[in-house]
Structures are given as structure tokens and as C-alpha cells.
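Comments concern the structure below.
All values reported here derive from a predicted model rather than from experimental measurement. Letters A, B, ... are given to chains in the order of the sequence lines, protein chains preceding strands, and every chain is numbered from 1.
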4 protein chains.
Amino acid sequence: MKPKDEGKIDEIYTATLALVKEQGLAGITMSQIARKAGFATGTVYIYFANKDELIVKLFDKCINDYTRDHFAGYDPSAPFKVAFHTIWMNMLRYSIEHFHEMVFIEQCFHSPFISEATRKATKDRLLPWRELIERGKKEKLIKQVDASWIMLFVRGSVRDLVKHCAYHQLKITNEFRETMFEMCWDGIRD
Amino acid sequence: MKPKDEGKIDEIYTATLALVKEQGLAGITMSQIARKAGFATGTVYIYFANKDELIVKLFDKCINDYTRDHFAGYDPSAPFKVAFHTIWMNMLRYSIEHFHEMVFIEQCFHSPFISEATRKATKDRLLPWRELIERGKKEKLIKQVDASWIMLFVRGSVRDLVKHCAYHQLKITNEFRETMFEMCWDGIRD
Amino acid sequence: MKPKDEGKIDEIYTATLALVKEQGLAGITMSQIARKAGFATGTVYIYFANKDELIVKLFDKCINDYTRDHFAGYDPSAPFKVAFHTIWMNMLRYSIEHFHEMVFIEQCFHSPFISEATRKATKDRLLPWRELIERGKKEKLIKQVDASWIMLFVRGSVRDLVKHCAYHQLKITNEFRETMFEMCWDGIRD
Amino acid sequence: MKPKDEGKIDEIYTATLALVKEQGLAGITMSQIARKAGFATGTVYIYFANKDELIVKLFDKCINDYTRDHFAGYDPSAPFKVAFHTIWMNMLRYSIEHFHEMVFIEQCFHSPFISEATRKATKDRLLPWRELIERGKKEKLIKQVDASWIMLFVRGSVRDLVKHCAYHQLKITNEFRETMFEMCWDGIRD
DNA sequence: GATGAATGAGCCTTCATTCAT
DNA sequence: CATGAATGAAGGCTCATTCAT
């Protein structure tokens with residue numbers, strides 16, 4: 001008996017992400033995905049009930065990875081700026097290494113695939129990040145501004161920088177990283 | 001093709017933008033657009049040769065408006081920070097008042113509708129903005145960082161802030177505007 | 001403007017019935033139906049939301065016609081045997097002239113298309129027929145047997161006779177009609 | 001192909017008949033059959049080359065049983081009415097005890113599975129039944145009517161009565177049997 | 001010009017059949 | 001033999017586009 005090969009799920013995910021990056025959510029087809037992943041159309045339906053489920057499950061996985069990666073090596077007891085730096089760099093790294101995922105998540109937010117509920121659930125996963133910002137405010141290290149605004153300010157700038165680099169095939173140097181970090185930091189510090 | 005009723009084009013545009021905001025580029029259909037605009041499917045084809053042309057023309061119009069609006073009331077001979085403030089506020093205002101357009105542009109960037117050439121042509125239109133940044137660098141008012149990075153840093157943060165406000169139906173107060181401006185400004189100033 | 005041509009519905013029905021007679025409900029396809037009716041596949045979907053709806057609506061129409069036709073020229077105040085004769089002949093005529101419909105109804109009864117509720121609703125429509133049988137019993141003209149059994153005895157024999165004739169392309173003469181009627185009548189009379 | 005486990009064939013048959021009764025020939029799938037029979041899809045293909053063969057062989061088996069059962073305990077030398085009674089009761093018993101088979105046979109007649117030839121071959125198997133009818137005519141015990149008509153008259157009424165009982169879960173009493181027999185008999189006797 | 005019915009190519013999905021284990 | 005994952009042809013349905021009114 002041939003057991004279900006769960007590894008195929010990742011191949012399907014990878015193929016989907018690549019196609020969405022190239023063509024957007026509009027216009028990708030199940031047969032394209034299957035072809036790119038290297039098997040027959042029907043095979044995709046062994047692992048996913050339908051296109052919708054494939055997109056939604058991939059979305060969930062991406063959101064999971066995205067939020068989890070923020071906190072790699074994060075030590076909440078470290079000094080604020082150190083902790084902030086850790087998360088900021090994680091955010092940057094994820095965006096660079098998972099550019100396809102970033103694009104996919106963005107496209108999903110305005111699509112018939114993702115429900116309002118899913119959209120809203122996403123932000124709860126970044127609670128420790130929000131708490132860190134609040135701590136920074138309490139320690140008078142950063143501006144007394146609504147934490148959401150700080151978070152968005154940081155994420156928005158990171159995202160557009162990464163996109164730019166991705167589109168223009170720029171290598172992202174350590175110098176770039178630190179320069180960008182300084183800009184963010186200067187923007188929010190008290 | 002010289003249609004009598006030029007206003008219909010705008011109604012088609014408005015309908016399209018609203019639908020894309022709700023459902024993304026994926027899943028909008030010509031008949032949906034027509035219905036939302038208030039006329040028959042065939043009518044859309046009197047004003048646009050096909051779906052592709054509709055999307056591309058709307059994209060062009062959006063990019064045009066977007067870039068043009070940056071420079072409303074912009075006086076290149078004003079002091080740097082004043083000029084920068086003008087453009088920054090224009091950018092913010094556009095993003096707020098034309099949220100649908102912003103979403104649409106974003107979705108188009110990863111879609112089969114927009115070619116690589118179109119994508120790249122966009123940035124030429126912001127030349128005066130780039131020149132202003134270069135001037136700020138020369139006047140040692142802002143950091144000695146690649147102008148593109150400054151531009152992206154600014155735009156990215158503005159975009160995510162506006163998105164957040166749009167999704168959460170937050171009113172955007174003058175206090176908010178100035179606070180955000182301060183963050184951007186502190187981020188880039190020397 | 002091209003108005004919806006309701007006549008197309010009948011053409012679709014006719015095509016469907018012919019195909020079901022030839023191939024059974026199993027194996028008829030929407031494109032076959034469309035081709036036989038003489039238009040494109042998509043056209044069928046202008047008049048019916050999906051295959052299911054097409055089958056169910058056709059089934060309803062057939063049941064309607066079938067039951068209605070029983071009572072053509074039926075005079076409840078006529079002597080029992082005359083009234084019975086009228087309905088019996090109507091039943092026979094319908095089965096002969098609407099052989100396709102008969103086959104279709106039969107196939108639907110054991111199909112995923114027809115619900116239990118629909119199945120049960122059908123028999124209510126033959127109430128006057130049942131009442132006539134009850135009257136015959138009261139007048140001691142026919143056997144004191146459950147009315148359903150009488151009805152089924154009659155319908156079953158008629159159906160199989162008609163099927164036989166249809167399959168063997170036999171002409172149905174008046175002599176045949178009267179002979180068959182006599183058999184039925186002798187079977188149930190007291 | 002000499003499969004070890006001949007019993008599996010019967011399980012496949014039983015599963016198929018049950019499914020056809022529930023859903024009709026339309027809409028039954030090989031995997032449904034396999035699941036209902038209790039093994040894997042591929043297993044069915046060890047015993048039958050394909051779906052077509054499965055249906056046709058089952059059809060043949062059903063027709064065989066059906067016709068064979070007519071003549072259980074049948075003594076051609078018995079008086080006509082006794083012999084007729086025997087066969088009539090056999091026919092009724094089969095229809096009751098093999099209701100699924102009856103439905104299946106009926107569905108097959110209008111399906112792409114059964115050829116015209118198969119359809120016609122069926123009736124040859126009832127030759128002794130036809131001969132008995134002819135004998136009854138010669139003995140002036142029954143009406144001088146085409147034997148086929150007599151046979152169909154009898155079979156049709158039996159079938160619909162049984163269907164009715166099956167659908168309404170009625171118990172079939174001996175009284176019912178004899179009453180029905182009387183109706184048939186009165187219908188055909190001279 | 002405006003309409004919306006008609007068209008048919010193409011997408012999602014199912015399912016008969018095969019085949020590696 | 002038995003299994004059920006893999007395959008891909010074919011069917012249901014959608015939707016961009018055309019065209020008769």
C-alpha cells in the first residue's frame with residue numbers, strides 16, 4: 001500500500017506561493033499548481049478538498065510561521081532596545097526569506113478566500129510584540145503613541161523596503177539592515 | 001470610440017474599485033462590475049474593449065491621480081521641511097480619501113494584468129519627490145541614505161497606518177496626522 | 001434587446017426526455033442536452049441554475065401533466081363505469097403519448113435528484129381518482145379492496161403494456177385498448 | 001481470473017444493489033460500492049475488469065435468478081390454475097424478497113450499460129411461462145388475448161403492488177397475496 | 001447607444017482506472 | 001491478494017465576450 005505522502009502538501013504550498021507571486025491570486029488555477037508541483041490535478045484533491053481549502057490552509061500556515069518567527073531568540077527580560085532589535089530583525093529576515101509568503105498574505109487579505117474573522121484573528125498572535133511596545137512606552141524609551149500605530153509604522157516601512165529589494169534584486173547587506181533599523185528606531189524613540 | 005456619456009466610465013471605475021476592495025482582483029467579474037455600476041454587461045464593452053483594458057486603464061488613472069496628488073500646493077522653493085511636510089500630508093490624504101485605489105494598485109502589482117514595464121514606469125512619475133529627498137540630503141537635513149529607501153520608508157509606514165484606520169473605521173484626527181508625521185520625520189532626519 | 005425565450009425551456013425538456021429514454025438518467029450530460037436542444041452549453045444555465053434544478057423542474061412538470069391529464073373530460077357525476085373508463089383511457093393515452101415522460105418519472109424515483117418529500121407529494125395529486133375508486137366500492141361495483149391496491153393494480157398493468165408496445169413499436173389499436181380495459185375491469189369488479 | 005474469495009463477489013453485488021436502490025444507477029461510484037462492501041476500491045477491480053462488467057454481470061445474475069425463481073415447484077402437468085398460481089406466487093415472492101434486484105433491473109433497462117440485445121434476450125428465458133399461458137388459452141380457461149399481453153398485465157400489476165408495499169413498509173399478508181391473485185386471475189380468466 | 005441572452009473556452013472537481021507498496 | 005494514493009479524462013459550471021434586438 002502506498003501511504004499518503006504528507007510531504008506533497010509542502011510541494012503544493014511552494015508551487016502555490018510561487019504562482020501567486022508571479023500572477024497574483026487572480027488567475028492561478030488548480031492545474032497550474034499541480035503542474036508546477038509536479039503531479040496530476042487530481043492528486044491535489046487528495047490533500048485538499050478544494051481550492052478554497054488549499055488557500056485558507058496555506059494562509060493559516062503562513063500566518064503561523066510569520067508570527068512565530070517574530071519571536072525567535074526573543075528574550076522578554078532583555079533590555080528594551082535589545083529585545084526590540086531582535087524582533088525587528090526577525091521581522092526583516094522573515095520578509096526577505098519568505099517574500100512569496102508575504103505577497104500571498106497581502107493578496108489574501110482582499111480576496112473572497114479569507115473571512116473577516118480570519119483577518120481579525122491574525123493580530124492576536126502578535127501579543128508579545130504589542131506588550132514589548134507597551135513596555136517601551138512605560139520605560140519612556142519610545143514615544144507615547146498608541147501601540148498599534150507604532151507596530152504598523154514599523155511593519156509598513158519594513159515591508160515596503162523588502163518589496164523594493166525583492167523587485168530590484170538588491171542584496172540586503174548588514175549595513176542596509178542597520179541603517180533601516182536606525183530609521184525605525186529614530187522614528188519611534190522618545 | 002467616442003462615447004457620448006463620459007460619466008459612465010467613472011461609474012465603471014468606481015464600481016470596479018469597490019468590488020476589488022471587497023473581493024480582491026480574484027473573483028470580480030464583468031457582470032458584477034456592470035451590475036454595481038447600474039447597467040448591462042454589454043454596456044461596459046462600449047467603453048472598454050475588454051476586461052484587461054478596463055483594469056489597465058483604471059490602473060493608469062489611479063497611478064496618475066496618485067502621483068499628481070503628491071504635488072498639490074507643492075512649492076519646490078519652499079524650505080525643505082515645509083516642502084516635505086506638504087508632500088507627506090498629500091500622500092496621507094490621498095491614501096485616506098482613495099483607499100479603494102490604494103488597494104487596487106497593490107493588487108494589480110501582482111496580477112496578470114500589469115506588465116513588468118508598467119510596474120517600472122510608475123516610479124518615474126515621482127521624480128520631483130525624489131529630487132526633494134536628494135535636496136534634503138544635500139542640505140544635511142536628512143540622513144545620507146539612498147533616496148529610494150527614504151521614499152519607501154515613508155510610503156510604507158503611511159500605507160499601513162491608513163490601512164489600519166480604514167479597517168477599523170478610525171477617524172483620522174489632525175493630532176494623528178502630526179504625530180505620524182513626527183515619527184516619519186524623526187526617522188529620516190539627520 | 002433579446003428577450004429570454006421561454007420556449008427554450010420546452011426544447012431543453014424535450015431534449016432531456018429523449019436522452020433519458022435512450023440512456024437513462026445515468027450518463028446524460030448537460031452538454032448532450034444542450035447539443036440535442038440545439039444550443040450552447042451555457043445557454044441551458046440561463047434557464048436552469050444547475051443540472052439538479054433542471055431535472056427537478058422537469059420532474060415536477062411531468063408529474064403535473066401526468067396527473068392533470070388523468071381527468072380530461074372526467075365527469076364525477078357520470079355512472080361509475082363510464083367515469084372509470086374515462087380515467088383509464090386517459091391514463092393509457094398519456095402513457096402512450098408521453099412515453100418519454102413515463103420513463104423519466106420512473107428513473108427519477110430512484111435517483112439522487114428526487115427527495116423523499118417530492119416522492120410522497122406526488123400521490124396527493126390523484127385524489128379524485130382515489131375518490132372515484134372509493135365510490136365504486138360503496139356502490140358495490142368493484143371489489144372491497146384497499147383503494148391504493150386497486151389504483152396500483154390498474155396503473156401497473158397499463159404501464160407495462162405500454163412499455164411493451166413502445167419497445168416493440170406496436171400500433172395500439174382501439175381493439176387493444178378495449179381488450180386491455182376489459183382485463184382491468186374484470187380484475188377489479190365485484 | 002480465479003479469485004480465492006468467491007464470497008467477495010456477492011458482497012460487491014449486495015453493496016451495488018443497495019446503492020442503486022437508494023440513489024439509482026446515476027450517481028453510484030466504484031469507491032462507494034467498495035466502501036459499502038467493506039474493502040478498498042482497487043479490490044473491486046480484482047473481481048471485475050471495470051464498472052461496465054460489474055453492472056452487466058450483476059444484471060445477468062439478477063435476470064437468471066429472477067427467471068429461475070419463477071419455476072420453483074412448478075409442475076407443468078398440474079391443472080392450469082394450480083400451475084398459474086404457483087408461478088404467480090413465485091413472481092410475487094421474488095419481487096418482495098429481491099426488491100433491490102427488481103429496481104436494479106428496471107434501471108438497467110434504460111441505461112448505457114445494457115445493450116438492445118441483452119434486453120431482448122431476457123424474455124426468452126420465460127418461455128415455459130409463455131407456454132403455460134398458451135395452454136390456458138387452449139383450455140379456454142383464460143381470455144383469447146396475445147400471450148405477451150397477459151404476461152405483461154400480470155407482471156405489471158404485481159410489480160407496482162410490491163413497489164408500493166416496499167415504499168410504505170407494509171407487511172405482505174397471505175390475505176393480501178390471495179386478494180391480489182384473485183384480481184389478476186379475474187382479469188385474465190375467460 | 002444600451003441591453004442581456006447566447007456562446008463556448010476554460011476552470012474546478014469527480015471518478016474510473018492503474019499501480020506501487 | 002489487498003490497498004488506497006495517483007492519474008487524467010470528462011463533466012458541471014462560470015464568465016469574458018459577442019450580437020440580435
Side-chain angles (χ1 to χ4, degrees), chain A residues 1-6 8 26-35 37-54, chain B residues 1-5 8 26-35 37-55, chain C residues 1-6 8 26-35 37-54, chain D residues 1-5 8 26-35 37-55:
Chain A
M1 198 201 53
K2 197 187 302 176
K4 216 191 255 195
D5 176 6
E6 296 295 327
K8 285 212 170 64
I28 65 166
T29 70
M30 291 299 266
S31 54
Q32 269 180 68
I33 293 171
R35 201 177 320 125
F39 20 78
T41 313
T43 308
V44 179
Y45 286 87
I46 295 170
Y47 298 92
F48 299 95
N50 49 46
K51 189 179 182 179
D52 223 86
E53 188 186 300
L54 163 55
Chain B
M1 192 171 46
K2 206 72 207 163
K4 289 248 173 73
D5 187 357
K8 281 213 172 64
I28 66 164
T29 70
M30 291 298 265
S31 53
Q32 265 180 65
I33 293 170
R35 202 177 320 126
F39 23 78
T41 313
T43 308
V44 179
Y45 284 86
I46 294 168
Y47 297 93
F48 300 94
N50 51 46
K51 188 179 182 179
D52 224 85
E53 189 186 298
L54 163 55
I55 301 293
Chain C
M1 198 202 52
K2 198 187 300 177
K4 217 191 255 193
D5 175 7
E6 295 296 328
K8 285 211 170 66
I28 66 165
T29 70
M30 290 299 265
S31 54
Q32 269 179 65
I33 293 170
R35 202 178 318 124
F39 21 77
T41 312
T43 307
V44 179
Y45 287 89
I46 295 171
Y47 297 92
F48 299 95
N50 50 47
K51 190 179 181 178
D52 223 86
E53 189 186 300
L54 163 54
Chain D
M1 194 172 44
K2 206 69 206 169
K4 289 251 174 70
D5 187 356
K8 281 214 172 62
I28 67 165
T29 70
M30 291 298 266
S31 53
Q32 266 180 62
I33 293 170
R35 202 177 319 125
F39 23 78
T41 312
T43 308
V44 178
Y45 283 86
I46 295 168
Y47 297 92
F48 300 94
N50 51 45
K51 190 180 182 177
D52 223 87
E53 189 186 299
L54 162 55
I55 300 293

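Residue B/Glu53 contributes atom CD, which lies 14 Å from atom C1' of F/dT17 at whole-angstrom precision. When the P atom of E/dT13 is taken as reference, atom CD1 of A/Ile33 falls 10 Å away, rounded to whole Å.
Here the straight-line distance linking atom OG1 of D/Thr43 with atom CD1 of D/Ile33 works out to 13.0 Å at 0.5 Å rounding. Atom-to-atom distance recorded for D/Glu53:CD and D/Asn50:CG is 6.0 Å, nearest 0.5 angstrom. Here the OG1 atom belonging to A/Thr41 is positioned 8.0 Å from the OH atom belonging to A/Tyr45, to the nearest 0.5 angstrom.
A cation-pi arrangement is found for D/Lys8 relative to D/Phe39, the charged atom lying closer than 6.0 Å to the ring centre and inside a 45° cone about the ring normal.
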Practice problem: Summarise how protein sits on nucleotides 6-13 of chain F as a single string, 5' to 3': B when a protein heavy atom is under 4.0 Å from the base, S for sugar-phosphate-only contact, - for no contact. | Solution: BBB--SSB
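In a base pair of the Watson-Crick type (N1 to N3 plus N6-O4 or O6-N4) or a G-U wobble (N1-O2 and O6-N3), with each distance short of 3.5 Å, F/dT21 is matched with E/dA2. As the counterpart of F/dA10, E/dT13 is assigned, both hydrogen-bonding distances of the Watson-Crick or G-U wobble pattern falling under 3.5 Å.
Between D/Lys51 and D/Ile28, the closest heavy-atom pair is NZ-O, 3.0 Å. Residues A/Lys4 and A/Tyr47 come closest through the heavy atom pair CG-CE2, 3.4 Å.
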